[in-house]
Amino acid sequence: MRLTIAATVAALMLCSVASAQEGLFQRDHGKVEAPVALERPAGAAPPEGVGPGGLDFGAWRGTNPAAYGESLQAKLRAREGGKSPAAVRADLTANGFTCLDASQRGGGRAPTLECRLATEDRSCAVEWWAVLEDPAAAIKAGYDRMCPRT
């Protein structure tokens with residue numbers, strides 16, 4: 001079963017997830033599992049709108065996660081398309097993401113670059129992710145949100 005790091009952290013922290021959202025973190029985030037080295041405490045949430053590095057996060061609070069994730073992927077494909085992995089990493093890092101490249105994963109099959117931005121918002125675990133599986137491939141990206149039962 002594939003779980004994103006935010007799902008794992010949120011599940012441990014929140015211990016209770018609405019049954020309607022249990023499948024939220026099951027989507028395909030690439031061909032490899034998320035690296036443990038990206039686990040970190042939730043940081044500051046990005047703004048609704050343009051982030052510090054110029055990425056427009058849009059109105060992400062209260063949005064439909066699936067639709068927002070598709071929109072984020074389209075936005076990142078347009079923004080990062082044709083750039084080197086180092087340039088993609090620099091851009092995403094400037095916008096608050098934490099990134100690992102294949103050399104930092106320590107063996108095994110690894111994507112060229114994996115980036116994540118995880119935070120907490122209104123008692124919900126929130127994560128933006130981007131995966132560049134190969135330097136010539138289009139970036140995969142998404143957004144996940146998991147909230148406790150109310």
Side-chain angles (χ1 to χ4, degrees), residues 1-81 83 85-102 104-106 110-133 138-150:
M1 179 187 324
R2 291 184 177 181
L3 295 177
T4 64
I5 291 178
T8 303
V9 171
L12 293 174
M13 289 174 39
L14 302 176
C15 297
S16 171
V17 177
S19 61
Q21 296 178 345
E22 286 178 359
L24 184 64
F25 294 94
Q26 303 295 321
R27 289 191 302 269
D28 179 16
H29 292 199
K31 296 178 182 172
V32 296
E33 296 295 324
V36 175
L38 283 180
E39 286 187 41
R40 63 184 172 94
E48 285 194 301
V50 179
L55 176 62
D56 186 354
F57 285 91
W60 56 269
R61 286 184 172 97
T63 190
N64 175 300
Y68 179 84
E70 289 175 18
S71 171
L72 175 68
Q73 178 169 279
K75 192 177 296 186
L76 287 179
R77 284 184 173 179
R79 183 179 174 98
E80 308 300 351
K83 291 183 181 177
V88 172
R89 182 182 188 147
D91 184 46
L92 292 177
T93 301
N95 282 286
F97 286 77
T98 299
C99 299
L100 287 178
D101 61 37
Q104 295 172 305
R105 284 231 21 184
T112 299
L113 186 66
E114 282 190 73
C115 301
R116 300 187 187 281
L117 191 163
T119 191
E120 210 175 294
D121 180 60
R122 301 179 194 155
S123 301
C124 298
V126 183
E127 179 186 39
W128 293 257
W129 57 268
V131 177
L132 187 59
E133 292 179 343
I139 197 166
K140 290 184 179 183
Y143 169 83
D144 295 316
R145 182 178 190 90
M146 184 169 32
C147 302
R149 287 184 188 178
T150 54

Please give me the minimum heavy-atom distance between [X] and [Y], naming the atom from each residue.
| X | Y | answer |
| --- | --- | --- |
| Val131 | Pro111 | CG1-CB, 3.9 Å |
| Thr93 | Cys99 | OG1-SG, 3.9 Å |
| Pro148 | Ser123 | CD-O, 2.9 Å |
| Leu92 | Cys115 | CD1-SG, 3.7 Å |

Just do the side-chain contact (heavy atoms from CB on, under 4.5 Å) check on Arg89 and Leu132 with the steps written out, would you? CA-CA 10 Å; Arg89 182 182 188 147; Leu132 187 59; over 6 Å; no

Check: Pro46 and Leu117 side chains under 4.5 Å, non-hydrogen atoms: yes

Would you say the side-chain atoms of [X] pair up with the backbone N or O of [Y], donor to acceptor, closer than 3.5 Å?
| X | Y | value |
| --- | --- | --- |
| Asp91 | Ala94 | no |
| Asp144 | Glu127 | no |
| Trp60 | Pro47 | yes |
| Glu48 | Arg61 | yes |

From [atom1] ([X]) to [atom2] ([Y]), nearest 0.5 Å:
| X | Y | atom1 | atom2 | answer |
| --- | --- | --- | --- | --- |
| Leu113 | Ile139 | CG | CD1 | 7.0 Å |
| Thr63 | Tyr143 | OG1 | OH | 7.0 Å |
| Gln104 | Glu114 | CD | CD | 11.0 Å |

Check: residues 69-76 side-chain donor-acceptor pairs under 3.5 Å, at least two apart:
| from | atom 1 | to | atom 2 | distance (Å) |
| --- | --- | --- | --- | --- |
| Gln73 | OE1 | Ala141 | N | 3.0 |
| Lys75 | NZ | Asp56 | O | 2.7 |

Under the salt bridge (Lys or Arg N to Asp or Glu O under 4.0 Å) rule, collect the residues that match up with Arg77, sequence neighbours excluded. none

Looking at residues at least two apart in the chain, or sitting in another chain, which of them share a side-chain hydrogen bond (donor to acceptor under 3.5 Å, both in side chains) with Asn64? none

Do Arg145 and Asp121 pass the side-chain contact (heavy atoms from CB on, under 4.5 Å) test, and can you show the C-alpha distance, the side-chain angles, and the key distance before you say yes or no? CA-CA 9 Å; Arg145 182 178 190 90; Asp121 180 60; 2.9 Å; yes

Angle between ring planes, Phe57 versus Phe97, binned at 30° and 60°: parallel, tilted or perpendicular?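 Rings of Phe57 and Phe97: parallel, under 30°.
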
